[in-house]
Amino acid sequence: MRAVKIWLWTGVIMVLVQVALGGITRLTESGLSITEWDVLMGSMPPMNAGQWDAEFEHYKSSAQFEKVNSDFTVEQFKHIYWWEYIHRLWARLIGFVFLIPFIVFLLQKKLARDLKWKLVLVLFLGGLQGFVGWVMVASGLDGDPWVDPSKLTIHLLLALLVYIYLLWLVFSIGDHSKTADHPATHKATKWVFGLVLFQIALGGLMAGTDAGMVYKTWPLMSGRFIPEGAFTHLGSADKLVQLTTEINFLHRTVGLVVALLILRFWWVNRNRTSARMQQIANMLVVLVLVQVALGVLTLTIGNSAIPIFWGVCHQLTACILLGFATAAMYFSKQRTNI
C-alpha cells in the first residue's frame, strides 16, 4: 500500500498547488481571460500571432474587456491569459495523475473494495470541481465583469473538500493505532475544523467581492470596531458586492475567534492527549498565529491592490491549517479504519 499512499499524498500536494494557482488567478484578475471551456483541445495554448489575435478577439467580447480592460493590447492580454491557462492545465494534470494510477492499481488489485468506491468519489468530486469552475467563469463573461463571489467560494470549498477527503484517505491507509485521548478532545476538534473551514469560506467571499480593499487598517475599521452603518441594509442588498463591510468585519472577527479557540484547545489538551495529538495541537497554534499575522500584513501593506505574494501565502497557510485540523479530528478518535 506504500505506492497508493505516495500517490494520494501527491494528489494532496497537487490540489494545494491548484488552490495557490487559483489565488494568483483571482488576484491578477486573470480568470476571465479564456472565454471557452474546451476540456480536450483547450489544453493547447495559442502557438502563433494569428492564434493569439483570434484568442484576443474572443476576449474582446467579454464584459471584462468592455468594462475594465478596453485599453488592453495583445501583450497585456497574454499576461492574464497565461495565469488562467496554467490554472486550467494544472487541473487537467491532476486528473491524469489521479485517473491513470487509479486504473493501474485496479488492474493490479492493490485497492480494497471500500477504498475503490471512495476513490471513485474523489474522481466525481474532481469532475464536479472543474464543472463548477466553468460555471463560475461563465458568470463573469456577460453583465458584471467579475465572477460571482458565491460561485467562487463554492469552487474553493469543493477544492478543499477534495483536499480534506484525500488527507482522510491517506491517514486511514495502514493506520491501525489506537489513541488514548480524552473523550472531549474529538468533539473539540470538530469545532476547530468547522470554524477554520467557515473562515476560509469567508476568505473566499472576501476575494470574490474585493472586500479586503475597503478597510486598510487593523484591528479597527474607520476607527471603530464595527463600522458605522454595518449590518443595516442586509435585507435590501441584492448582490454580495454590496456587503463588503459586513464580509470584511466577519472575516476579521471569525479569524480572531479561530485563533482563540485553537489556543484554548492547545491549553486544555496539553496534558491529556497522546504525543501525536500534542504535536498536531502545537502545529495548529503555530499555523494560526502565522495566519493571523499574514492576514494583517496582506490587508495593510497593499494600497491599490492585495499583494499577490502575501495574499497567496495567506491562502496557503489557511489550507495547511485546515489540513492539520483534519488530522486532529481524525487522530483524536479511536479507530482502526474509516
Side-chain angles (χ1 to χ4, degrees), residues 1-25 86-106 110-112 114-130 132-133 154-175 177 189 192-194 196-197 199-201 203-204 276-277 279-284 286-288 290-291 312-333 335 337-338:
M1 296 294 285
R2 184 172 180 271
V4 175
K5 205 163 187 174
I6 292 173
W7 168 54
L8 292 178
W9 270 120
T10 301
V12 169
I13 294 169
M14 291 188 74
V15 171
L16 275 180
V17 172
Q18 180 70 345
V19 171
L21 288 172
I24 295 172
T25 301
I86 292 169
H87 184 51
R88 296 193 188 194
L89 185 65
W90 191 259
R92 291 184 179 95
L93 184 60
I94 291 175
F96 282 114
V97 168
F98 196 85
L99 181 60
I100 294 174
F102 175 65
I103 294 172
V104 172
F105 289 138
L106 277 178
K110 288 188 176 181
L111 302 175
D114 61 334
L115 182 58
K116 291 178 188 177
W117 291 109
K118 289 165 184 171
L119 293 172
V120 169
L121 178 59
V122 173
L123 284 170
F124 170 77
L125 290 173
L128 180 63
Q129 162 71 356
V132 170
I154 293 171
H155 185 55
L156 171 62
L157 290 178
L158 276 172
L160 293 178
L161 180 58
V162 175
Y163 166 67
I164 293 164
Y165 196 55
L166 283 173
L167 276 175
W168 200 270
L169 291 176
V170 169
F171 296 150
S172 72
I173 294 176
D175 175 49
S177 60
T189 62
V192 172
F193 174 85
V196 170
L197 187 61
Q199 173 68 347
I200 292 175
R276 177 164 54 186
M277 276 301 299
Q279 292 171 350
I280 293 173
N282 290 341
M283 284 302 303
L284 285 171
V286 171
L287 286 167
V288 79
V290 170
Q291 176 67 351
V312 174
C313 286
H314 185 53
Q315 184 182 42
L316 272 181
T317 305
C319 294
I320 297 171
L321 178 64
L322 181 65
F324 273 91
T326 303
M329 192 165 57
Y330 179 89
F331 290 113
S332 62
K333 186 175 182 180
R335 61 178 66 244
N337 51 52
I338 63 171

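Keep in mind that this is a model prediction, so the values were computed, not measured.
- The OH atom of Tyr165 lies 5.0 Å from the CG atom of Leu169; values are rounded to the nearest 0.5 Å.
- For Ile94, the side chain to side chain contact (heavy atoms under 4.5 Å, CB included) partners two or more places apart in sequence, or in a different chain, are Met14, Gln18, Trp90.
- The nearest pair of heavy atoms linking Val312 to Gly23 is CG2-C, 4.3 Å.
- Remark: Leu287 pairs with Met283, Thr317, Ile320, Leu321, Phe324 by the side chain to side chain contact (heavy atoms under 4.5 Å, CB included) rule, at least two apart or across chains.
- Scanning both residues, Leu284 and Ala325, for their nearest heavy atoms gives CD2-N, 3.7 Å.
- Under the 4.5 Å side-chain criterion, counting only non-hydrogen atoms from C-beta, Val122 is not in contact with Leu8.
- Taking NZ of Lys116 as the start and CZ of Phe102 as the end, the distance is 8.5 Å to the nearest 0.5 Å.
- By the 4.5 Å heavy-atom criterion applied to side chains, Leu157 and Leu161 are not counted as neighbours.
- Rounded to the nearest 0.5 Å, atoms CD1 (Ile173) and CG (Leu115) are 5.5 Å apart.
- Ile200 approaches Cys319 most closely through the heavy-atom pair CD1-N, 4.5 Å.
- For the atom pair Ile13 CD1 and Tyr163 OH, the distance stands at 10.0 Å (nearest 0.5 Å).
- Distance check: Ile6 CD1 to Trp9 CH2 gives 12.0 Å after rounding to the nearest 0.5 Å.
- We find the CD1-CD distance between Ile24 and Gln315 to be 9.0 Å, quoted to the nearest 0.5 Å.
- Residues Ala159 and Val19 share a closest heavy-atom pair of CB-CG2, 4.2 Å.
- Across all non-hydrogen atoms, the minimal contact from Val196 to Ala318 is CG1-O, 4.4 Å.
- Residues passing the side chain to side chain contact (heavy atoms under 4.5 Å, CB included) test with Gln199 are Leu202, His251, Val254, Val258, sequence neighbours excluded.
- The minimum heavy-atom distance linking His155 with Gln129 is given by the pair O-OE1, 2.8 Å.
- Counting heavy atoms from C-beta outward, Tyr330 and Thr326 have side chains that stay 4.5 Å or more apart.
- With sequence neighbours excluded, the residues forming a side chain to side chain contact (heavy atoms under 4.5 Å, CB included) with Val286 are Val290, listed by chain and number.
- Legend: residues meeting ring-ring contact (aromatic ring centres under 6.0 Å, His included) with Phe98, ordered by chain and number and at least two apart, are Trp7.
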